[in-house]
Amino acid sequence: KPDPRPQEETVKVDVVDGVAWVAFNRPDKRNCMSPKLNKQMLKVLEELEFRDDVQVLVLTGEGTAWSAGMDLLEYFREAELQGLHKTREHQRQAYGWWERLRWYEKPTVAMINGWCFGGAYGPLFGCDLAFCSDDAQFGLSEINWAILPGGGASKVAAELMNFRDAMYHAMMGENLTGPQAAAKGMVNESLPADKLKARVQEVCDVLKKKDGQALRATKWAMRRVREMTYDNAEDYLIRAQEALNDFGGWETRKEATKQFLDEKTFKPGLGAFDK
Ligand code: ACO
């Protein structure tokens, strides 16, 4: 039966000290993504995006899962009973919030605490950085139930892993442990479960010290240049830096340069300037 709980309960949000901890919150369903959850995630992301008290967003999961992918009952089967229009509506909702995440204004960190399957690769790739627990498990389980890894999942594997690894991952339906996922480039680091949150907090603390406008320009540039030729990237980066200057970039870099060259109070090679 469909989950009767209200949409608002499908996502948990906790803003602490500049960090928005956003959690998939259907632990008893291993945080699989239902249409309600997808709608709520978009709402939550939009609400947090321009809040002054949020500098970094962390996406994690309640319970033993990060997310067990799409909800096979509510996202697939029920839509299929109602016709193509419902399938398309559900796809738009899911792909919509993943896209918002890919181009989020603020830095985003995936904290993968457990199962991460199929459709969950969309938000995994949407997050700029990713840290997982050693006991997390990553899988393109689609092949195990006779579909292909859709919703961008094939693309994510092909983008993050080398070709042979991605092909093996998609065809075999075997899971990767946290350390294996880290070795293959799916996440930045894998850590013992009891050290995961502290490490993510540490990363957030570093990000919070950087200039927010420069961080946004940097993360968007990194995503854009992946698909460009060298010459196009070079040109884009000049324009992106000049656009950054319109967002206070001149003042911040002048201040940083002054702290280094004149006041000698910081070294760019060793950390961020004093905002
Ligand atoms: N869709 C719908 N329901 C799900 C999903 C899902 N993706 N994942 C878990 N659930 C439900 C289970 O049906 C079960 O519901 P119930 O309590 O009403 O019976 C509940 O969540 C708990 O699941 P269990 O299987 O009992 O949990 P367990 O910890 O033993 O196993 C595991 C976890 C391995 C994640 C298992 O639930 C599983 O294989 N889920 C499906 C993973 C998957 O292949 N997802 C789809 C990827 S493809 C795509 O996203 C397009």
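Atoms within each ligand, like the ligands themselves, are counted from 1 in listed order.
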When only distance counts, is S141 in polar contact with ligand 1, meaning an N/O pair under 3.5 Å?
yes
Give yes or no for whether the N/O distance cutoff of 3.5 Å, strictly under, is met between I147 and ligand 1.
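In fact, backbone or side chain, I147 has no N or O that close.
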Side chains of S141 and N144 only: does a donor on one sit below 3.5 Å from an acceptor on the other?
no
With sequence neighbours left out, what residues match K209 under side-chain hydrogen bond (donor to acceptor under 3.5 Å, both in side chains)?
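Counting only residues at least two positions away or on another chain, K209 forms no side-chain hydrogen bond (donor to acceptor under 3.5 Å, both in side chains).
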Option set A65, G118, A68, criterion heavy-atom distance to atom 46 (C) of ligand 1, minimum:
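It is A68 that holds the nearest heavy atom.
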Out of R30, K29, M33, M70, who gets a non-hydrogen atom closest to atom 26 (O) of ligand 1?
R30
For ligand 1, the portion of Y121 having any non-hydrogen atom under 4.0 Å away:
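Near ligand 1, Y121 shows nothing, with every heavy atom at 4.0 Å or more.
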Ligand 1 contact on L140 by region, counting heavy-atom pairs under 4.0 Å:
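It is neither part, as no heavy atom is under 4.0 Å.
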Can you see whether W98 has R102 sitting over its ring - NZ or CZ less than 6.0 Å from the centre and within 45° of the normal?
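No, cation not above the ring by the 6.0 Å, 45° rule.
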Is atom 36 (C) of ligand 1 close to the protein, meaning a heavy atom under 4.0 Å from it?
no
Please tabulate, for the side chains in residues 14-28, all donor-acceptor contacts under 3.5 angstrom to protein atoms that are two or more places apart in sequence or on a different chain.
from	atom 1	to	atom 2	distance (Å)
N25	ND2	E9	O	3.0
R26	NE	D3	OD2	3.2
R26	NH1	C32	O	2.9
R26	NH1	D71	OD2	3.0
R26	NH2	D3	OD2	3.1
R26	NH2	D71	OD2	3.4
D28	OD1	R5	NH1	3.2
D28	OD1	R5	NH2	3.1
D28	OD2	R5	NH1	3.3
D28	OD2	R5	NH2	3.2

If you draw a 6.0 Å radius around CZ in R223, do more than 12 non-hydrogen atoms from other residues or ligands fall strictly inside?
yes
Is there a heavy atom in T64 that sits closer than 4.0 Å to ligand 1?
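Not so, T64 does not reach ligand 1.
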